[in-house]
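Read the structure below first, then the notes.
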Amino acid sequence: MVSLTLGLCAVILTAGANQPLLNLLSTGLVSVAFASLGIRENRKLIAEGAHKSAIAASTARYIGLVWTWGALALLVIYALVFDNTWKEWWQFFLSFAAAAVGSIIFANMLGRDAEQGRHDESVMGLGRLLVKVQLIGMMVGIISLLIDGKFPRDTAHMDWAACNIFFFGGLAIAAICANALAASRS
């Protein structure tokens, strides 16, 4: 909760101050922090010999953190700070919120399995599939932002702060997913 709150404050304040470079830097730093925390916890759990479900729950929880951060940042920036000046913000907010809720529900389900010492291979297989789909989706999204010239985005376009969130949030999710897939193979 602390990292989510600090991450939101940094991104919202720099967007509200109309400081695109500071927003870019804060969004990047927050995303690196989230990815680093997720990867570090994943590796720690593996080193401790934690239950596979606990490791997968941690991965899903950190992915959910990034989705939650993106959803809340879009909500506050575009509904309150920029006063609805970018009309498509709510579609991205709803998509991010749905991905966040799904990730958190999945993490809680895996956490309950780990607490009971259970290991459901079909659930773990679904988790691996979801991680692969998100990794591919984030890579496609990042590449499309670069090809379309939407990152970095000029402040003449009202979605400039959202593009920072999309780019760096995508990088964070991709890093968490790539780490989880690499760790599961070894």
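A salt bridge between Lys52 and Glu121 is absent, with no side-chain N of the basic residue lying under 4.0 Å from a carboxylate O of the acidic one.
Minimum heavy-atom separation, Ala10 to Ser26: O-OG, 3.6 Å. What you find for Ala174 and Leu135 is that their closest heavy atoms are O-CD1, 3.4 Å. Across Ala161 and Phe82, no two heavy atoms sit closer than the pair CB-CE1, 4.5 Å. The two atoms that bring Gly111 and Ala57 nearest to each other are N-CB, 3.8 Å, heavy atoms only.
Within the structure, salt bridge (charged side-chain N to carboxylate O under 4.0 Å, His left out) pairs that include any residue of residues 150-160 comprise Arg153-Asp159 (at least two apart or interchain). Within the structure, side chain to side chain donor-acceptor pair (under 3.5 Å) contacts touching residues 89-112 (residues at least two apart or in different chains) are Asn84-Trp89.
Relative orientation of the Phe92 and Trp86 rings is parallel, given thresholds of 30° and 60° on the angle between their planes.
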Stepwise side chain to side chain donor-acceptor pair (under 3.5 Å) check, Thr85 with Asp83:
CA-CA 6 Å; Thr85 53; Asp83 198 30; over 6 Å; no
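Phe168 has its ring centre no less than 6.0 Å from the ring centre of Phe34.
Annotation: ring-ring contact (aromatic ring centres under 6.0 Å, His included) contacts of Phe167 (sequence neighbours excluded): Phe151.
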Which donor-acceptor pairs under 3.5 Å do the side chains of residues 37-47 make with protein atoms, sequence neighbours left out?
{"unit_1": "Glu41", "atom_1": "OE1", "unit_2": "Tyr62", "atom_2": "OH", "d": "3.2"}
{"unit_1": "Glu41", "atom_1": "OE2", "unit_2": "Ser58", "atom_2": "OG", "d": "2.8"}
{"unit_1": "Asn42", "atom_1": "OD1", "unit_2": "Asn179", "atom_2": "ND2", "d": "3.2"}
{"unit_1": "Asn42", "atom_1": "ND2", "unit_2": "Thr59", "atom_2": "OG1", "d": "3.2"}
{"unit_1": "Arg43", "atom_1": "NE", "unit_2": "Asn179", "atom_2": "OD1", "d": "3.3"}
{"unit_1": "Arg43", "atom_1": "NH2", "unit_2": "Asn179", "atom_2": "OD1", "d": "3.4"}

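Under the 4.5 Å side-chain criterion, counting only non-hydrogen atoms from C-beta, Leu24 is not in contact with Thr14. Arg61 is not listed as a side-chain neighbour of Ile104, based on a closest heavy-atom distance of 4.5 Å or more.
Other cluster members for Met124: Phe106, Met109, Leu110, Val123, Leu126, Leu130, joined by side-chain heavy-atom distances under 4.5 Å among Ile, Leu, Val, Met, Phe, Trp and Tyr. Cluster partners of Val32: none. The rule joins Ile, Leu, Val, Met, Phe, Trp and Tyr whenever side-chain heavy atoms lie under 4.5 Å apart, and it links nothing here.
Going from atom NZ of Lys132 over to atom CG of Leu181 covers 6.5 Å, rounded to the nearest 0.5 Å. For the atom pair CD1 of Ile173 and CG of Leu65, the computed distance is 9.5 Å after rounding to the nearest 0.5 Å.
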